[in-house]
Protein chains: 2
Amino acid sequence: MELRHLRYFVAVAETGSFTQAAAQRLHTAQPSLSRQIRDLEDMLQVPLIIRGPRNLSLTPAGQVFLEHARIVLAQVDAAILATRRAHRPAKTRFTVGFLTGHEIG
Amino acid sequence: MELRHLRYFVAVAETGSFTQAAAQRLHTAQPSLSRQIRDLEDMLQVPLIIRGPRNLSLTPAGQVFLEHARIVLAQVDAAILATRRAHRPAKTRFTVGFLTGHEIG
DNA sequence: TGGCCTTACGTATGACGTAAGGATG
DNA sequence: CATCCTTACGTCATACGTAAGGCCA
């Protein structure tokens with residue numbers, strides 16, 4: 001499993017459509033998206049989405065996975081921010097400089 | 001960024017060696033691992049590891065990223081467990097069946 | 001039959017392995 | 001010169017796009 005699967009699944013769940021998610025949010029083709037979601041379900045060995053001809057819905061397991069996936073993706077963003085902040089503490093310079101008096105980045 | 005990058009980085013950080021991480025934990029070749037870590041640092045635009053000839057150490061930003069990466073990976077595992085449990089609630093069957101009286105999975 | 005998802009298939013990006021190179025004690 | 005990491009390069013897995021095929025109102 002990779003973050004791509006989480007991003008794709010969240011997009012499908014939130015737009016309620018493979019077509020919408022692919023075109024508007026992921027900028028990819030539907031078949032690729034469909035395949036990745038299928039792969040995700042195969043990995044988990046759990047169906048996440050109930051495909052209807054006109055609309056789709058999440059299984060109970062799909063709703064659980066959606067909540068977790070959102071948290072994971074949010075924490076990845078937080079990790080990036082925190083890491084960059086640790087490297088380049090521009091707006092909190094005193095937290096680095098008040099001891100040694102010199103800058104790192 | 002993908003989960004692979006987090007897995008690789010954590011393995012390197014915890015073993016303290018590209019060689020050890022590749023052979024013992026990741027079962028891959030060092031050059032591939034080296035490249036993925038480099039890609040990760042390029043994405044973040046933050047150096048994470050200080051390469052020494054005999055040993056390596058983490059930058060402050062690397063330590064921050066390590067903590068976050070561990071959390072993310074742990075939550076992915078938790079997501080998988082929770083999702084499978086939601087699909088196949090064997091040990092808490094009454095939470096599904098006590099209303100409708102029928103089983104899903 | 002029109003919209004939506006899936007299957008089939010060819011392409012291409014990139015992850016990986018092998019080999020060679022550079023650096024350090 | 002022994003060890004570790006990096007660079008170079010060819011190969012292969014697989015993610016992606018296009019086209020065709022169901023399925024259901």
Side-chain angles (χ1 to χ4, degrees), chain A residues 1-63 65-66 69 72-73 76 80, chain B residues 1-63 65-66 69 72-73 76 80:
Chain A
M1 185 185 303
E2 293 295 343
L3 289 176
R4 179 184 58 257
H5 297 109
L6 305 189
R7 296 188 191 104
Y8 283 14
F9 175 73
V10 170
V12 170
E14 293 187 347
T15 60
S17 159
F18 281 71
T19 304
Q20 300 292 320
Q24 298 175 5
R25 291 195 34 181
L26 302 174
H27 306 294
T28 187
Q30 292 99 341
S32 300
L33 175 57
S34 179
R35 176 61 181 275
Q36 293 299 318
I37 297 292
R38 182 71 68 188
D39 289 347
L40 175 61
E41 290 176 309
D42 288 348
M43 285 184 243
L44 292 170
Q45 295 184 325
V46 174
L48 302 176
I49 295 175
I50 302 172
R51 279 84 165 169
R54 228 46 171 186
N55 55 359
L56 51 82
S57 58
L58 299 185
T59 64
Q63 294 179 13
F65 189 74
L66 175 60
V72 169
L73 293 175
V76 169
I80 295 171
Chain B
M1 185 184 305
E2 293 295 341
L3 290 175
R4 180 185 55 258
H5 296 109
L6 305 189
R7 296 188 191 105
Y8 283 15
F9 175 73
V10 171
V12 170
E14 294 187 346
T15 61
S17 159
F18 282 70
T19 306
Q20 299 293 320
Q24 297 175 5
R25 291 195 33 180
L26 302 173
H27 307 294
T28 186
Q30 292 100 341
S32 301
L33 175 56
S34 179
R35 177 61 182 273
Q36 292 299 317
I37 297 291
R38 182 72 68 188
D39 289 347
L40 175 60
E41 291 176 309
D42 288 349
M43 284 185 244
L44 292 170
Q45 295 185 324
V46 174
L48 302 176
I49 295 176
I50 301 171
R51 279 85 165 167
R54 228 46 170 183
N55 54 0
L56 51 82
S57 58
L58 298 185
T59 64
Q63 293 179 12
F65 189 74
L66 175 60
V72 168
L73 293 175
V76 169
I80 295 171

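All chains are named by letter (A, B, ...) in the order of the sequence lines, taking the proteins before the strands, and each is independently numbered beginning at 1.
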Integer-rounded Å distance: [N] [atom2] and [X] [atom1]:
| X | N | atom1 | atom2 | result |
| --- | --- | --- | --- | --- |
| B/Glu2 | C/dA15 | CD | P | 9 Å |
| B/Arg35 | C/dA19 | CZ | P | 19 Å |
| B/Gln30 | D/dT7 | CD | C1' | 14 Å |
| B/Met1 | C/dA15 | CE | C1' | 17 Å |
| A/Asn55 | D/dC23 | CG | P | 19 Å |
| A/Gln36 | D/dA13 | CD | C1' | 13 Å |
| B/His27 | C/dC16 | NE2 | P | 14 Å |
| B/Arg38 | D/dC4 | CZ | C1' | 14 Å |

If only side-chain N and O atoms of [X] are considered, is one of them under 4.0 Å from the OP1 or OP2 phosphate oxygen of [N]?
| X | N | value |
| --- | --- | --- |
| A/Ser34 | C/dT7 | no |
| A/Thr19 | C/dC5 | yes |
| A/Thr28 | D/dC16 | no |

Can you figure out which of [options] approaches the side chain of [X] most closely?
| X | options | answer |
| --- | --- | --- |
| B/Leu56 | D/dC5, C/dC5, D/dT6 | D/dC5 |
| B/Phe18 | C/dG17, D/dT6, D/dG17 | D/dT6 |
| B/Pro31 | C/dT18, C/dA8, C/dA15 | C/dT18 |
| B/Ala29 | C/dG17, C/dA19, D/dA25 | C/dG17 |

Would you call B/Arg35 and B/Asp39 a salt bridge, using N to O less than 4.0 angstrom?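 Salt bridge between B/Arg35 and B/Asp39, a charged N being under 4.0 Å from a carboxylate O: yes.
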Which is more 5' along DNA chain D, the nucleotide nearest A/Tyr8 or the one nearest B/Arg54? Just name the residue.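 Result of the comparison: B/Arg54.
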Of A/Leu33 and A/Pro53, whose closest DNA chain D nucleotide lies nearer the 5' terminus?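 Taking each residue's closest nucleotide, the earlier one in sequence belongs to A/Leu33.
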By the 4.0 Å heavy-atom rule, please label A/Arg51 as base, sugar-phosphate, or nothing.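 Contact class for A/Arg51: sugar-phosphate only.
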Considering every strand and a 4.0 Å limit on heavy-atom distances, what is the contact class for B/Arg4: base, sugar-phosphate, or nothing?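 Here B/Arg4 touches the backbone only, sparing every base.
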Measure the spacing between CG of A/Leu58 and CD1 of A/Ile49 and express it to the nearest 0.5 Å.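 Going from the CG atom of A/Leu58 to the CD1 atom of A/Ile49 covers 6.0 Å.
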To the nearest 0.5 angstrom, please state how far the CD atom of B/Gln30 sits from the CD atom of B/Gln20.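 If we round to the nearest 0.5 Å, B/Gln30:CD and B/Gln20:CD are 9.5 Å apart.
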State, yes or no, whether a side-chain contact exists between B/Arg25 and B/Val10 at a heavy-atom distance under 4.5 Å.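 They are in side-chain contact.
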Non-hydrogen side-chain atoms of A/Leu6 and A/Val76 separated by less than 4.5 Å: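 Of all side-chain heavy-atom pairs linking A/Val76 with A/Leu6, none is under 4.5 Å.
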